[in-house]
**Q** 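Questions regarding the structure given below will be posed in turn.
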Amino acid sequence: MKAKECCGLVGICSDSSVSRKLFFGLKVIQHRGQEAAGMAVADGTKMRWHKDAGLVHEVFDKEILDELEGNVGIAHVRYSTTGMKTADEAHPIMAKTTMGDIAVCHNGELTNAEALRDHFRKKGAGLEGLSDTEFIVRILAGELEASTDPTRAISRTLAKLRGAYSLAILIGDRLFAVRDPHGIRPLCLGKMKDGHVIASETPVLDLLEAEFIKDLKPGEIVEVGANVAKSYQIPTPRHKAHCMFEYVYFSRPDNCLDGQLVYDVRRRIGEILAVESPTEADSVFPVPDSGRAHAAGYADGSVIPMAEGLIKNRFVERTFILPEQRDRELSVLLKLNPVKSLVEDKRIVVVDDSIIRGTTMRKIVQILKKAGAKEVHVRIGCPPVRHPCYLGIDMKTREQFVANEKDEKQIAKEIGADSLVHISLEGLVEAIGHPMEDLCCGCLIGEYPVPIEGERVRHQETLKKFY
Ligand code: 5GP
Ligand code: MG
């Protein structure tokens with residue numbers, strides 16, 4: 001099986017060299033993917049690139065960045081669902097075309113990759129092992145043969161894609177940014193002193209001292225120049241489908257996404273959770289780092305003091321990423337250790353952003369009880385995840401979810417907690433501040449914004465026009 005793409009991207013067009021700026025931009029969104037990193041840079045005559053498995057600072061060094069000469073470029077961090085760490089799966093994905101070299105970085109996941117595979121197979125092309133991003137590149141290369149206008153070639157390419165995609169595209173030395181017609185994955189645009197930047201998250205703009213211009217609209221294509229950024233629009237369905245999990249977990253808290261600061265959303269989640277599930281307890285423990293803002297909101301809302309009862313080792317990577325279940329459990333212990341004096345004989349509310357497989361919370365309850373906690377109550381800033389994500393988050397089968405075919409009481413028992421409450425769907429939507437119709441909650445409700453074989457699709461009547 002080919003790896004799926006759940007990633008982050010940066011693109012810059014400037015009057016000066018971009019490789020260092022891209023490097024630091026990638027460092028800011030390292031949390032979006034720790035398996036591989038890559039960069040392509042053009043200087044008007046040549047495109048140069050470098051990509052490899054590893055963290056951003058492992059993949060690039062001073063010499064490599066010096067060689068990546070040019071004033072325009074794109075860069076990417078990725079993680080995959082399969083745990084394979086091969087360099088050829090790193091982005092950008094490149095191709096040679098009649099318009100010169102092209103390079104594509106992709107965040108998201110296509111839902112029609114199989115159909116595209118069949119289509120190409122019928123044409124006799126040997127594309128058996130291609131990832132969905134490689135399809136995008138092949139289609140775009142074909143369209144560039146047919147049209148010398150890159151924007152037209154891009155929009156004709158997009159017409160063949162279904163699913164989630166935010167893209168950074170380099171065609172020769174021209175930079176383009178694209179957000180899919182539902183706006184599922186994020187992408188924003190900023191103005192620097194000497195150019196423009198596009199990025200998955202706004203903290204990249206902050207680092208580069210760029211002024212935020214906008215989140216790309218669903219279905220927007222932007223040609224990003226050093227001085228001007230020119231917009232085009234492809235047809236979109238009536239409703240957006242912003243991924244709710246970006247707010248709950250995936251984004252940095254300091255990211256401002258589609259008009260909402262993620263930190264504020266998470267605090268509101270915690271406050272609403274406190275109202276929905278009041279608890280008698282001595283302290284609120286955040287699960288660092290991803291549950292911090294939710295816990296702060298819960299502490300505020302419940303007037304129970306917050307305490308740093310779980311200490312995190314900052315040098316351990318995200319546990320979710322480790323493919324083996326045994327490694328994952330060990331990794332929770334490596335990552336978190338309780339402060340005994342804060343735990344002994346205390347009634348504790350533990351707040352985390354989400355429960356997926358249940359590995360993290362099961363271990364946390366276990367170590368708190370072992371350290372002498374009297375009661376452990378678990379509060380979660382996301383409704384139970386029971387359905388797969390086909391649109392770019394690494395959650396693929398129903399069997400892996402601890403909430404699969406279980407109610408809250410059964411899950412509480414499974415993780416050993418004295419009580420467990422998830423925020424309600426209504427509470428979550430209120431906290432995010434976008435109408436439910438403009439969010440993708442596929443993993444919570446099993447109803448998706450795009451057709452997926454064997455799954456329910458929402459708003460089918462309006463979508464038909466576009467698909
Ligand atoms: P679990 O241990 O239940 O499988 O996962 C829940 C924990 O992993 C939570 O602490 C949450 O912050 C984190 N988490 C949730 N979703 C993801 C994800 O897609 N990737 C990574 N790396 N971590 C996740
Ligand atoms: Mg976490």
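Whatever order the structure lists ligands and atoms in, that order sets their numbers, starting from 1.
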**Q** With heavy atoms of Asp353 as the reference, note each atom of ligand 1 found under 4.0 Å away.
**A**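 What qualifies from ligand 1 is 9 (C), 10 (O), 11 (C), 12 (O).
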
**Q** Just checking, is any N or O donor in the side chain of Asp353 or Ser290 under 3.5 Å from an acceptor N or O on the other one?
**A**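 Side-chain D/A pair, Asp353 to Ser290: present.
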
**Q** Measure Tyr79 to ligand 1 on non-hydrogen atoms and call it side chain, backbone, both or neither using the 4.0 Å cut-off.
**A**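 It is the side chain that gets close, since no backbone atom is under 4.0 Å.
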
**Q** Looking at ligand 1, is there an atom of it that comes within less than 4.0 Å of some heavy atom belonging to Val287?
**A**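 Contact check Val287 vs ligand 1: negative.
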
**Q** Short list, please: which atoms of ligand 1 are under 4.0 Å from a heavy atom of Ser290?
**A**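 Near Ser290, the atoms of ligand 1 are 12 (O).
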
**Q** Do Arg185 and Arg179 come within less than 4.5 Å of each other through their side chains, counting heavy atoms only?
**A**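 A side-chain contact is absent here, since even the closest heavy-atom pair is not under 4.5 Å.
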
**Q** Only one of Leu26, Asp52, Leu55 clears side chain to side chain contact (heavy atoms under 4.5 Å, CB included) with Phe60; which?
**A**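 It is Leu26; the other options fail the test.
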
**Q** Confirm or rule out an N/O/S atom of Ser290, from backbone or side chain, lying less than 2.8 Å from the Mg ion (ligand 2).
**A**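 A backbone or side-chain N, O or S atom of Ser290 is under 2.8 Å from the Mg ion (ligand 2).
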
**Q** Are any of the side-chain heavy atoms of Leu65 and Met39 separated by less than 4.5 Å?
**A**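 Yes. Closest side-chain heavy atoms under 4.5 Å.
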
**Q** Out of Thr360, Val402, Val248, Asp352, whose heavy atom is nearest to atom 9 (C) of ligand 1?
**A**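 Selected option, by shortest heavy-atom distance: Asp352.
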
**Q** May I ask you to decide if the ring planes of His434 and Tyr247 are parallel, tilted or perpendicular, using 30° and 60° as cut-offs?
**A**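 Plane angle between 30° and 60°, so tilted.
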
**Q** Is ligand 1 less than 4.0 angstrom away from at least one heavy atom of Asp394?
**A**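 The answer is no: ligand 1 sits nowhere under 4.0 Å from a heavy atom of Asp394.
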
**Q** Without hydrogens or angle criteria, can the side chains of His294 and Glu271 be said to hold a donor-acceptor pair below 3.5 Å?
**A**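 Per modelled atom types, His294 and Glu271 side chains form no pair under 3.5 Å.
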
**Q** Decide, yes or no, whether a salt bridge links Arg252 with Asp254 under the criterion of side-chain N to carboxylate O below 4.0 Å.
**A**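 So Arg252 pairs with Asp254 through a salt bridge.
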
**Q** Enumerate the atoms of ligand 1 whose separation from the nearest heavy atom of Gly358 is less than 4.0 angstrom.
**A**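 That gives atoms 1 (P), 3 (O), 4 (O) of ligand 1.
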
**Q** Between Ser354 and ligand 1, find which residue part has any heavy-atom pair under 4.0 Å and reply side chain, backbone, both or neither.
**A**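 The answer is both, backbone and side chain.
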
**Q** Checking contacts here: is it the side chain or the backbone of Phe245 that comes within 4.0 Å of ligand 1, counting heavy atoms only? Could be both or neither.
**A**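 Under 4.0 Å from ligand 1, Phe245 contributes side-chain atoms alone.
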
**Q** When you measure from the side chain of Glu246 to the backbone N and O of Leu257, does any donor-acceptor pair fall under 3.5 Å?
**A**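 Such a contact is absent between Glu246 side chain and Leu257 backbone.
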
**Q** Taking only heavy atoms of Ile355, which atoms of ligand 1 are found under 4.0 Å from at least one of them?
**A**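 In order of number, 3 (O).
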
